[in-house]
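Structure record follows, encoded as structure tokens.
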Amino acid sequence: MGRWYKPLVMLMALLAPSGAWAQPAPEPWMEGRPVLVGTITHNPPYVFENPSAGIDLDLVREAFAHVGLEVEFVHAPLSRVQVLLATGKVDAMTTFRTIEDLCVNSIPFSYWHDGISVPVESEAPISSIEDLKGMRVGMFPGAVKVLKYLTPDDVMTFGSSMIVYDREQLVRVLLYRRLDAYIGDYWALEYAYQQLASDQPRPYKVAVRFAPTPRQLCVRDEALVKRFNEGVATMLAGDAPARVRARYLQHGEP
């Protein structure tokens, strides 16, 4: 034993920091660096780029401010945002779905508002997606994957379907009755209407409002998600949600 003892002690001394065993390095956000949050690309009124703003991002910023932390947003396509989180390039990401074994979900800080919108003159009795059979229906990209209310079988029953990428185009399409209904976020539709023709009567109305979709942060560090949750609780107890909403939906909710 004596033959190996002294070299072993020397090796341990070289591997350990001076005076103590190695301790986990503090997270960068603990040392003054802003929390890095991955988020999707331009999707008004929830997410804007250059500068980063919108209902979601303003609320995330306010929640972190309540616990003394600054935030910086990293924009990327949704699939890329998850890669940034998995590789440690960001500390958290905005999401609507739990990502198992990658991060811990926060409590909801915001909601998206999907539903069925129709031309304002429409008299069709619409109370669910099943009532859209035979109609010309528009949808946002990925609607079938995102919305639990919408299935490929439902789409097969429509008279025709159209993926709408430009919401300002959607306002015009509804104005000229080229669609009988649109499945998507009616707050986003309202924002597009305000930018395009807010001095004109709305060419659409909301026929069905689905249950709002909660927006959360999926956070790599459990200590950080606890801090964020504290900030969200404080923020939601105040006037921040209404104040931020009014910043982007100037005529109120549709």
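Counting begins at 1 with the first residue of the sequence.
Other members of the cluster containing Val120 do not exist, because no ILVMFWY side chain is joined to it at under 4.5 Å. Applying the 4.5 Å side-chain rule to ILVMFWY residues, one finds that Tyr111 remains a lone member of its cluster.
Under the side-chain contact (heavy atoms from CB on, under 4.5 Å) criterion, Val104 pairs with Glu222, Val225, not counting sequence neighbours. Residues that satisfy the salt bridge (charged side-chain N to carboxylate O under 4.0 Å, His left out) test with Asp58, not counting sequence neighbours, are Arg61, Arg247. Partners of Val155 according to the side-chain contact (heavy atoms from CB on, under 4.5 Å) rule, which considers only residues two or more places apart in sequence or in another chain, are Met139, Val144, Leu150, Phe158, Ser161.
The CZ atom of Phe73 lies 13.5 Å from the CE atom of Met93; values are rounded to the nearest 0.5 Å. Here Lys226 contributes atom NZ and Ile107 contributes atom CD1; the two are 13.5 Å apart, rounded to the nearest 0.5 Å. Taking CG from Asn43 and CZ from Arg167, the interatomic distance works out to 4.5 Å, rounded to the nearest 0.5 Å. With values rounded to the nearest 0.5 angstrom, Ser110 atom OG is found 9.5 Å from Leu57 atom CG. The line from NE2 of His75 to OG of Ser52 is 2.5 Å long, rounded to the nearest 0.5 Å. Taken from CG in Asp114 to CD1 in Ile183, the straight-line distance is 9.5 Å, to the nearest 0.5 Å.
Hydrophobic clustering (ILVMFWY, side-chain heavy atoms < 4.5 Å, transitive): Tyr182 and Ile126 are in one cluster. Under the 4.5 Å side-chain contact rule for hydrophobic residues, Leu102 and Val83 do not share a cluster. When hydrophobic clusters are built by joining Ile, Leu, Val, Met, Phe, Trp and Tyr residues whose side-chain heavy atoms come closer than 4.5 Å, directly or via intermediates, Ile163 is grouped together with Val173. Following chains of ILVMFWY side-chain contacts shorter than 4.5 Å, one cannot reach Val118 starting from Tyr176, and the two form parts of different hydrophobic clusters. Under a hydrophobic clustering in which Ile, Leu, Val, Met, Phe, Trp and Tyr are joined whenever their side-chain heavy atoms come within less than 4.5 Å, directly or via other members, Leu175 and Leu189 fall into different clusters.
At least one side-chain heavy atom of Arg33 sits under 4.5 Å from a side-chain heavy atom of Leu36. When side chains are defined from C-beta on, Val37 does not count as touching Val90, because their heavy atoms never get closer than 4.5 Å.
The minimum heavy-atom distance between Ser128 and Val208, with the atom names listed, is N-CG2, 3.9 Å. Considering all non-hydrogen atoms of both residues, Pro108 and Val232 come closest at O-CG1, 3.5 Å. Smallest separation of non-hydrogen atoms from Pro241 and Met235: CD-O, 3.9 Å. Scanning both residues, Glu168 and Leu196, for their nearest heavy atoms gives O-CD2, 3.6 Å. Residues Val81 and Ala76 approach most closely at CG2-O, 3.3 Å, considering heavy atoms. Nearest heavy-atom pair, Ala240 versus Glu62, reported as atom, atom and distance to 0.1 Å: CB-OE1, 3.5 Å.
Between the side chains of Glu190 and Tyr204, at least one donor-acceptor pair of N or O atoms lies under 3.5 Å. Side-chain contact annotation: Asp154 with Thr157, donor-acceptor N/O pair under 3.5 Å absent.
Ring-plane geometry between Phe228 and Phe109 is classed as perpendicular, the angle between the planes exceeding 60 degrees on a 0 to 90 degree scale with a lower cut at 30.
Of the possible donor and acceptor atoms, none in the side chain of Asp91 sits under 3.5 Å from a partner among the backbone N and O of Val35. The main-chain N or O of Ser106 is found under 3.5 Å from a side-chain atom of Gln216 such that the two form a donor-acceptor pair. A donor-acceptor contact shorter than 3.5 Å is absent between the side chain of His113 and the backbone of Pro212. Proximity of a side-chain donor or acceptor of Glu49 to a complementary backbone N or O of His42 within less than 3.5 Å is detected. Side chain of Lys133 to main chain of Met156: no donor-acceptor pair is present (N/O by atom type, distance under 3.5 Å, no hydrogens or angles). Side-chain atoms of Gln250 never come within 3.5 Å of backbone atoms of Gln194 as a donor-acceptor pair (strictly under, hydrogens ignored).
A 6.0 Å sphere centred on CD of Gln195 holds more than 12 heavy atoms belonging to other residues, nucleotides or ligands. Remark: Glu123 CD is loosely packed, at most 12 non-hydrogen atoms of other residues, nucleotides or ligands lying under 6.0 Å away.
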Chi angles and distances behind the side-chain contact (heavy atoms from CB on, under 4.5 Å) call for Arg215, Thr94: CA-CA 7 Å; Arg215 300 292 293 170; Thr94 59; 3.6 Å; yes
Thr95 and Asn105: CA distance, side-chain angles, deciding distance, side-chain contact (heavy atoms from CB on, under 4.5 Å) verdict: CA-CA 9 Å; Thr95 185; Asn105 270 10; 4.0 Å; yes
Audit row: Val47, Thr41, side-chain contact (heavy atoms from CB on, under 4.5 Å) steps and yes/no: CA-CA 7 Å; Val47 177; Thr41 53; over 6 Å; no
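Partner of Met162 under the side chain to side chain contact (heavy atoms under 4.5 Å, CB included) criterion, out of Leu170, Leu179, Val137: Leu179 alone.
For Trp112 and Tyr46, the gap between ring centers is short of 6.0 Å.
Between Asp180 and Arg136 there is a salt bridge, since a side-chain N of the basic residue sits under 4.0 Å from a carboxylate O of the acidic one.
Within the structure, ring-ring contact (aromatic ring centres under 6.0 Å, His included) pairs that include any residue of residues 117-157 comprise Tyr149-Phe210 (at least two apart or interchain).
Cation-pi check for Arg209 over Tyr186 is met; the charged atom lies under 6.0 angstrom from the ring centroid and within 45 degrees of its normal.
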